[in-house]
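Worksheet: one structure, shown below.
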Amino acid sequence: RGRLVLLAGASYVHEPSRRNRDGLRDTQALYVYAMRMLSDRFAARGAGRMLRAWALAGLGALALLQALRYVDLGYVTGYLHAMRVPMLRLPRSEA
């Protein structure tokens with residue numbers, strides 16, 4: 001189906017692209033919002049509520065660490081945006 005060709009003198013130069021980071025705030029916000037929705041649905045009672053708060057606080061800490069590491073506030077602004085947005089309430093299944 002094909003063949004592998006080795007070129008001893010070949011080199012690869014990787015140039016970072018801005019394209020990855022353009023929608024970082026929105027991507028982070030969607031990730032955090034999805035976590036909020038899932039945890040609201042599946043961890044609604046008892047110890048799950050406490051674990052939900054712990055997980056969401058952990059996401060905030062990760063967003064802060066990523067912002068510091070990659071020098072991009074999109075992580076933090078996305079997290080804060082997702083935490084401010086009102087929750088969409090989905091009907092619970094009868095199953």
Nearest heavy-atom neighbours spanning Asp40 and Arg49: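 Distance-wise, the nearest heavy atoms are OD1-NH1, 3.5 Å.
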Should the heavy atoms of other residues, nucleotides or ligands under 6.0 Å from CE of Met87 be counted, would the total exceed 12?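 For Met87, atom CE is crowded (more than 12 foreign heavy atoms under 6.0 Å).
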So does Ala82 get a backbone contact from the side chain of Arg36, meaning a donor-acceptor N/O pair under 3.5 Å?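 Judged by distance alone, yes, a pair lies under 3.5 Å.
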[atom2] on [Y] to [atom1] on [X], rounded to 0.5 Å:
X	Y	atom1	atom2	result
Leu80	Gln28	CG	CD	10.0 Å
Met37	Phe42	CE	CZ	10.0 Å
Tyr70	Leu65	OH	CG	10.5 Å
Arg25	Asp72	CZ	CG	12.0 Å
Leu24	Thr77	CG	OG1	7.5 Å
Arg41	Arg52	CZ	CZ	13.5 Å

Could you tell me whether the side chain of His81 reaches within less than 4.5 Å of the side chain of Tyr33, counting heavy atoms only?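 With C-beta onward as the side chain, the pair stays apart.
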With a 4.5 Å limit on heavy-atom distance, are the side chains of Leu64 and Tyr75 in contact?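 With C-beta onward as the side chain, the pair stays apart.
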In this structure, would Leu73 and Leu59 fall into the same cluster of hydrophobic residues linked by side-chain contacts under 4.5 Å?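 Shared cluster, no.
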